[in-house]
**Q** 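Supplied in structure tokens, the structure appears directly below.
What you are looking at is a predicted structure, and each value in this text was computed from that prediction instead of being measured. Just so we're on the same page: letters track the sequence lines, and every chain starts at 1.
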Amino acid sequence: MTINVKYFGLIAEITTCEKERILFTKKNVSEFLELLYLKYPSLKNKDFQVAQNQELVSQDALISGHELALLPPFAGG
Amino acid sequence: MTINVKYFGLIAEITTCEKERILFTKKNVSEFLELLYLKYPSLKNKDFQVAQNQELVSQDALISGHELALLPPFAGG
Amino acid sequence: MADKKTKNVFKKGAISSDFIGTSIAKHQSKTTIGAHNIFLGQVRADVIDNKTVAAIEYTAYEDMANEKFHAIREATFKKFDLTCMHIYHSLGTVKAGEICLFVFASSPKRKIVFKAIEYIVEAIKADVPVFGKEIFEDETHQWKVNK
Amino acid sequence: MADKKTKNVFKKGAISSDFIGTSIAKHQSKTTIGAHNIFLGQVRADVIDNKTVAAIEYTAYEDMANEKFHAIREATFKKFDLTCMHIYHSLGTVKAGEICLFVFASSPKRKIVFKAIEYIVEAIKADVPVFGKEIFEDETHQWKVNK
């Protein structure tokens, strides 16, 4: 399947892009992240949360949505 | 001795004046108030505090200052 | 007794939104500030026994009130790490919908301004001899009491 | 899922003191309001390793952020008896001394607005995906993290 992945802040600096479409066959968030770490090794030690369809999800959540986002620590306000 | 007495809000409505000089020989606040109640009987059931020289004082405080004020409930803000 | 000069906190009539906006603008040169908290008291058109409050006419024991405002200021700076604070209170007539109290507290950090603003406002309500005559639309009145 | 329309909370660049003043003025027709509480976040010129922050450049996951702002709004109205509330947050560059967050809560009674404003601001800091790039005077940068 193909998923839209969005990157923000420090994470987008590492990926050098703000969004991309990624083709994958893995099933949950942590498996998907392993795939991303192959592409962007320096993501591995970074602090971020994952949102699926605009809701935060845990590492073992199944990927079912059309959009994932990697969110570094919030800094609003 | 003579003291300046100030009235505010509802209290000034009852006394129909905002300040006056009163000659008296009594010594503490409650004795002074007894004197005032003779002049303004309807003050007696009203809720107020007494300030002497701009500080709140209790009923048994000695009158030593040059200014007393009768302060109805505060309504600032 | 106070080590700083007692300021006159009172303003004649309502406090305008322009005055508040200008006051905010003046703080933009203070670049150690990270958080402002502003409290505004606004006159309510309360309905009491079928009569509607049209305005409050404020009076005060001004000398004592300014001393009390000053004491609140000193106590607040002792208690909280504020960069600055300002208090303005109306005297005279303030119509329903208009602003009668403006309290402005600023600090590097937000958690402090929340605590400070509540402390200041509660102290004003409790300690400062200000009196409010609620004037109804039919020109009768009653005296306001803080709760 | 939400029963009211999600509003766009974001504004391009700093939030001006004029905008805040005008917003206050608009509330003077709401005569059931007795108390307003306003929180303003201002960009600090922090000094970190001898470098001074000149500005913060804000970005956000906008769709999710607006949903979160909306959820905060709904939760706040459920929890507190507010007459109205408004949130505005900057996107893009906000210079040191300028305002990046404007939260405005109004209620008949003061005790409610103190609690509400703190609740709203803490929820924004914790829940809303906004990111801040602190740009130093020498044009290097670091990423801000809320505490």
**Q** Select one option (side chain, backbone, both, neither) describing which atoms of D:Asp18 are under 4.5 Å from chain C's heavy atoms.
**A** neither
**Q** Using a 6.0 Å cut-off, check whether atom CG of C:Asn8 has over 12 heavy atoms from anything other than its own residue.
**A** yes
**Q** Side chain, backbone, both or neither: which part of D:Lys95 has a heavy atom under 4.5 Å from chain C?
**A**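 For D:Lys95, neither part sits under 4.5 Å from chain C.
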**Q** Check whether any side-chain N or O of C:Arg110 sits under 3.5 Å from a backbone N or O of D:Gly41 as a donor-acceptor pair, and report yes or no.
**A** no
**Q** Check for a donor-acceptor pair, side chain of C:Gln42 on one end and backbone N or O of D:His27 on the other, with a separation under 3.5 Å.
**A**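 Side chain of C:Gln42 to backbone of D:His27: a pair is present.
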**Q** Under 4.5 Å from any heavy atom of chain C, what part of D:Ile33 do you find: side chain, backbone, both or neither?
**A**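 Both backbone and side chain of D:Ile33 come within 4.5 Å of chain C.
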**Q** Among D:Gly34, D:Ala25, D:Gly21, which residue forms the greatest number of heavy-atom pairs with chain C at distances under 4.5 Å?
**A**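 Result: the option with the highest number of such pairs is D:Gly34.
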**Q** Is chain D contacted by the side chain of C:Lys115, its backbone, both, or neither, given a heavy-atom distance below 4.5 Å?
**A**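 Contact with chain D: side chain only.
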**Q** Flag the one option from C:Lys109, C:Glu122, C:Arg44 with the top tally of heavy-atom pairs under 4.5 Å to chain D.
**A**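 Maximum pair count with chain D is reached by C:Arg44.
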**Q** For the residue pair D:Ser17 and C:Ile24, what are the closest heavy atoms and their distance?
**A**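 The pair with the smallest heavy-atom distance is CB-CG2, 4.0 Å.
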**Q** With only heavy atoms counted, which part of D:Val113 is less than 4.5 Å from chain C, the side chain, the backbone, both or neither?
**A** side chain
**Q** In this structure, are over 12 heavy atoms from other groups packed under 6.0 Å from D:Asp138 atom CG?
**A** yes
**Q** Is D:Thr32 close to chain C through its backbone or its side chain, or both, or neither, when contacts mean heavy atoms under 4.5 Å?
**A** backbone
**Q** If I take atom CD1 from residue C:Ile117 and atom CD1 from residue D:Ile117, how far apart are they, to the nearest 0.5 angstrom?
**A** 10.0 Å
**Q** Measuring from atom CD of D:Gln28 to atom CD1 of C:Ile99, what distance do you get when rounded to the nearest 0.5 angstrom?
**A**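 Answer rounded to 0.5 Å: 4.5 Å.
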**Q** Hey, which of C:Phe39, C:Phe104, C:Phe114 is the one that makes ring-ring contact (aromatic ring centres under 6.0 Å, His included) with D:Phe39?
**A**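 Single pass found, and it is C:Phe114.
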